Amino acid sequence: MFIMRGSGGIRFALRIHKRNHHSVGIIGAPFWKGQRRDGVEKGPDLIRDAGLVDKLKGQGCLVRDYGNLKFGDVPDDESFGKVQRPRAVGRANKQLADTVHTIKNDGHTCVMLGGDHSMAIGSILGHAASKKDLCVVWVDAHADINTPLTTPTGNIHGQPMSYLIKELHSKIPAIPGFSWIKPCISAQDIVYIGLRDVDPEEHYILKYLGIKSFSMTEVDHLGITRVMEETCDHIFSKVKRPIHLSYDIDALDPSVSPATGTPVVGGLTYREGIYITEQICQTGLLSALDMVEVNPKLGRTEAEVSSTVNTAVDLVLSCFGRVRGGSHAPDYCMPQP
């Protein structure tokens, strides 16, 4: 490969081996009160302890770790109807939104390490405050689009999308702690991948709004390559836009990532999960990433915890240019903040 003749060949060789020093800003959101099981707040530090920062630097990324947000107690946080701990969730997401906005204005691609998936509210709102016309790729076993009026559990980690979508604004009551939240994305801006545990009311919302989604049945039928082709065709149908990738580790099959709060059998394989991040990387348009719902307390063995944490690290690394085979992606695959 190094004996190519002609200037074109030489230029190609240099292009393949050139590194893009991509800038990544990491923020930990160790928050668990969007659901009922503690332990998920340990996710950010476990992912870091597995070598995330050094491995990103080894791929040629410039990394700034903004540390973990600190969330104080919220007294008298009574339920609002079924909705559990709304004031604590609202306040934590406001902190996160402000921090994500700062990270984006500092010029980084933001990586939010959760915590439970309720923190996507603040992550996406903070991102949208800095980057207009976002599109969201939501990789998850669950749609997380219940409203406060349809939720069967009251857990806000099953509701974050409903607060963000403009077409659902009229269906959301005034919730304590949520007055600062203004919807920032449209139904057409969203693609779901990996769905397999969706409530009947969520099925109705997805169909009513015409949201593009790929259940595991469709992943099996089409194959992950076709799924990602159709995803890109949908979100870039008019113009190329910044991507917010919100990745719940429970999108993967529990045989791969068992240490999580709501595992559902029949999920994405490791290979399919990584392929999604590789393809998002190759668009060059990744602008923010959520990696959420790693809960070490729910792993039955150290091996289960390690598998879940290491998979989360691998997914993040693939978003920033790591390719299978132990190398790094060429410069044209590197996302731009």
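Remember, predicted model here, so these are calculated numbers, not experimental data. Just so you know, residue 1 is the first one in the sequence shown, and it goes up from there. The analysis underlying the following values was restricted to heavy atoms, covering all of them including side chains, and did not include hydrogens, waters or symmetry mates.
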task = Kindly confirm or rule out a cation-pi arrangement of Arg322 over Phe320, judged by NZ or CZ under 6.0 Å from the six-membered ring centre and within 45° of its axis?
result = no
Query raised in the report: Side chains of Val294 and Val40: does their closest heavy-atom pair fall under 4.5 Å?
Result: no
Any side-chain heavy atom of Asp144 sitting closer than 4.5 Å to one from Gln159? no
- Message: Could you go through Met228 and Ile276, starting from their C-alpha distance and side-chain angles, then the distance that decides it, and tell me whether this counts as side-chain contact (heavy atoms from CB on, under 4.5 Å)?
- Response: CA-CA 7 Å; Met228 292 311 297; Ile276 292 168; 3.8 Å; yes
Of Glu293, His142, Lys33, His117, the one forming a side chain to side chain donor-acceptor pair (under 3.5 Å) with His157 is Glu293
Output for pair (Cys319 SG, Leu289 CG), nearest 0.5 Å, gives 4.5 Å
Between Ser287 and His127 the two heavy atoms that sit nearest each other are OG-NE2, 2.7 Å
Is there a path of hydrophobic side-chain contacts, each under 4.5 Å between heavy atoms, that joins Leu149 and Ile121? no
Review point. Is the shortest side-chain N to carboxylate O distance from Asp116 to Arg37 below 4.0 Å?
Key: no
Residues Leu286 and Thr109: closest non-hydrogen pair is O-OG1, 3.8 Å
So CG of Leu56 and SG of Cys61: to nearest 0.5 Å the spacing works out to 5.0 Å
Just do the side-chain hydrogen bond (donor to acceptor under 3.5 Å, both in side chains) check on Asn155 and Arg36 with the steps written out, would you?
-> CA-CA 7 Å; Asn155 296 331; Arg36 289 178 168 86; 2.7 Å; yes
pair Ile103-Met112: side-chain heavy atoms closer than 4.5 Å
no
Between the side chain of Asp253 and the main-chain N/O of Val265, is any donor-acceptor distance below 3.5 Å?
no
query: Would Glu272 and Thr269 count as a side-chain contact (heavy atoms from CB on, under 4.5 Å) if you check the C-alpha gap in whole Å, the side-chain angles of each, and the deciding distance to 0.1 Å?
result: CA-CA 5 Å; Glu272 290 169 334; Thr269 65; 3.2 Å; yes
Taking every heavy atom of Asp290 against every heavy atom of Ala120, the minimum-distance pair comes out as OD2-CB, 3.8 Å
Q. Should the heavy atoms of other residues, nucleotides or ligands under 6.0 Å from CG of Asp233 be counted, would the total exceed 12?
A. yes
Where do Tyr275 and Arg271 land on the side-chain contact (heavy atoms from CB on, under 4.5 Å) test, with the steps shown first?
CA-CA 6 Å; Tyr275 187 83; Arg271 289 162 60 187; over 6 Å; no
Within a strict 4.5 Å, meaning less than it, do heavy atoms of the Val219 and Leu268 side chains meet?
-> yes
Next on the checklist: Can you classify the ring geometry of Tyr192 versus Trp138 as parallel (below 30°), tilted (30 to 60°) or perpendicular (above 60°)?
Outcome noted: perpendicular
Checklist entry - Any donor and acceptor pair, going by atom type alone, linking the side chain of Thr301 with main-chain N or O of Glu304 inside 3.5 Å? => result yes
Practice prompt. Any chance you could lay out the side-chain contact (heavy atoms from CB on, under 4.5 Å) test for Met216 and Leu195, step after step, and finish with the verdict?
Written response: CA-CA 6 Å; Met216 282 309 303; Leu195 298 179; over 6 Å; no
To the nearest 0.5 Å, atom CG of Leu315 lies from atom CD1 of Ile280 at 12.0 Å
Counting C-beta onward and ignoring hydrogens, is there a side-chain heavy-atom pair between Val24 and His22 closer than 4.5 Å? yes
_Under a 4.0 Å threshold between the charged nitrogen and the carboxylate oxygen, would Asp77 count as salt-bridged to Arg85?_
no
Quiz item: Is it true that a side-chain atom of Glu202 and a backbone atom of Asp199 form a donor plus acceptor pair closer than 3.5 Å?
Solution: yes
Minimal heavy-atom distance between Gly67 and Ile27, with the atoms involved, is O-CD1, 3.3 Å
* Asked: Quick check: does any side chain N or O of Thr147 sit under 3.5 Å from a backbone N or O of Thr150, one acting as donor and the other as acceptor?
  -> yes
Using modelled atom types only, decide if a donor and an acceptor are shared between the side chain of Ser179 and the backbone of Ile175 within a distance under 3.5 Å.
-> no
Quiz item: Got a donor-acceptor contact below 3.5 angstrom from the Arg241 side chain to the Ile235 backbone?
Solution: yes
Distance col, row Asp133:CG vs Ser186:OG, nearest 0.5 angstrom, shows 9.0 Å
Quick one: does Pro148's side chain get under 4.5 Å of Ile172's, heavy atoms only? yes
Same apolar cluster (I L V M F W Y, side chains within < 4.5 Å links), Tyr247/Leu285: yes
Item to check | Whether Thr311 side chain and Ser307 backbone form a donor-acceptor pair below 3.5 Å | outcome: yes
Margin query: Under a plain distance cut-off of 3.5 Å, with no hydrogens placed, do Asp250 and Thr260 share a side-chain donor-acceptor pair?
Written below: no
Is there a donor-acceptor contact under 3.5 Å from the side chain of Thr277 to the main chain of Ser318? no
Using 30° and 60° as the class limits, which term best fits the ring planes of His108 and Tyr66: parallel, tilted or perpendicular?
perpendicular
Can any side-chain N or O of Ser118 pair as donor or acceptor with the backbone N or O of Ile156 at less than 3.5 Å? no
Value for CG (Asp65) from CG (Leu52), rounded to nearest 0.5 Å, stands at 8.5 Å
Is Leu168 close to Ile145 at the side-chain level, that is, under 4.5 Å between some pair of heavy atoms? yes
Any side-chain to backbone donor/acceptor pair from Asn93 onto Val89? Under 3.5 Å, distance only. yes
Distance col, row Ile185:CD1 vs Tyr163:OH, nearest 0.5 angstrom, shows 14.0 Å
Does atom CZ (Phe236) have a neighbourhood of more than 12 heavy atoms from anything else shown, all under 6.0 Å? yes
Linking I/L/V/M/F/W/Y whenever any side-chain heavy atoms sit under 4.5 Å apart, do Leu125 and Leu113 land together? no
Same cluster or not: Leu206 versus Val137, using hydrophobic residues (I, L, V, M, F, W, Y) connected whenever any side-chain heavy atoms lie under 4.5 Å apart?
no
Note to self: What I want to find out is whether Arg324 reaches Glu278 closely enough, with some N-O distance under 4.0 Å, to be called a salt bridge.
What the structure shows: yes
In short, His169 meets Pro183 closest at the heavy-atom pair ND1-CG, 3.4 Å
Heavy atoms of Ser123 and Val100 approach each other most closely as O-CG1, 3.6 Å
inquiry  = Would you say Ile243 ends up clustered with Ile26 if hydrophobic residues are merged whenever their side chains have heavy atoms under 4.5 Å apart, either directly or through other cluster members?
reply    = yes
Should the pair Glu230-Lys212 be classified as a salt bridge under the 4.0 Å nitrogen-to-oxygen rule?
yes
